[in-house]
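Heads up, the thing below is written out as structure tokens.
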Amino acid sequence: MDLINHRDSKLYWAFDLIADPTCSRCRLGPINKDLRCLVGVGPKNADWMFVGEAPGNREIQPDIRKPFSGKSGQYLDKILNNLHIDRDKVFITNSIMCHPLFNRDPEKDELAACRSFLLNQINTVKPKKILGLGGVALKALTGKSGIKNYRGKDFRINFGECEPLIVCTYHPAFIMRFPSNYPVIYTDFLHFIGAKGPIVKTDYHPINNMSQFEEMYRALQGSPEISFDL
Ligand code: URA
């Protein structure tokens, strides 16, 4: 059993079945000490799996213990919200299960050492589709490098127990830093979920005079977030 009392064992089953809290297969295990091996969270029979890079320092903490629960996770949640995807229906994990200090990229031997944890999760869940988030996930899932070239493309990979469709896209942290790429990640998500077109509801109001402008201005002042297109 892992460090925390699991809120919902239906989502946290991999902590008991797959995680190795004593793992020292690479240098990250001993550095993470009792916070090592953060496996994925989500239903055991999920149709969809998301694979990120590695847990951040927040994700590994005893009171959190959940991939994508920091800033990248908030951003991922926004995308999921926009697409009406229920996060609790998706199994979400990472390419490696330990936190690399200072969020550095995982190294080749660390990815190799952690591969059996990733494969074990994939072969237990047997998802129909896997979405890789970022270049590290692309490498871990397909062996390919260069997310810019391979994003949005379909792969079919045999992992032994299952042969899911794999699509990779940019990492949410990259989109946070370079928001102009949001349409790209959004398009890749749409492709992944098999949506035929945009599913965001639009509600347009033309502004033709000053009083309409002032009305809009008042309404926007009450909004937590505003986005605009030039
Ligand atoms: N948190 C995760 O769990 N994975 C990432 O790749 C980034 C943040």
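Note: hydrogens, waters and symmetry copies are ignored here, and every other heavy atom, side chains too, is used. Read the numbers this way: they start at 1 and go in the same order the structure lists the ligands and their atoms.
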Protein contact to atom 8 (C) of ligand 1 [nearest heavy atom, distance to 0.1 Å] = E59 OE2, 3.6 Å

Check ligand 1 against P55 and write out every atom of the ligand that is under 4.0 Å from a heavy-atom position of the residue.
-> 2 (C), 3 (O)

State whether the side chain of K33 and the backbone N or O of P30 hold a donor-acceptor pair below 3.5 Å, judged by distance alone.
-> no

Can you tell me the protein heavy atom closest to atom 4 (N) of ligand 1 and the distance?
-> N94 OD1, 2.7 Å

Heavy atoms only: which of S72, A137, A54 is nearest to atom 2 (C) of ligand 1?
-> A54

With atoms numbered from 1 as shown, which atoms in ligand 1 lie under 4.0 angstrom from a non-hydrogen atom of P67?
-> 3 (O)

Aromatic plane relationship, F174 with Y170 - under 30° parallel, 30 to 60° tilted, over 60° perpendicular = tilted

Which is it for E53 and ligand 1 at heavy atoms under 4.0 Å: side chain, backbone, both or neither?
-> both

Applying a strict 4.0 Å limit to heavy atoms, is K71 in contact with ligand 1?
-> no

Residue pairs passing the ring-ring contact (aromatic ring centres under 6.0 Å, His included) test where at least one lies in residues 88-112, sequence neighbours excluded | W13-F91

Ring centroid separation H171 to F68 under 6.0 Å = yes

Partners meeting side-chain contact (heavy atoms from CB on, under 4.5 Å) with E107 (sequence neighbours left out) = R27, R104, D109, E110

Residue-ligand contact G70/ligand 1, heavy atom below 4.0 Å | no

So with a 6.0 Å cut-off around CD of E214, is the heavy-atom count from everything else above 12?
-> yes

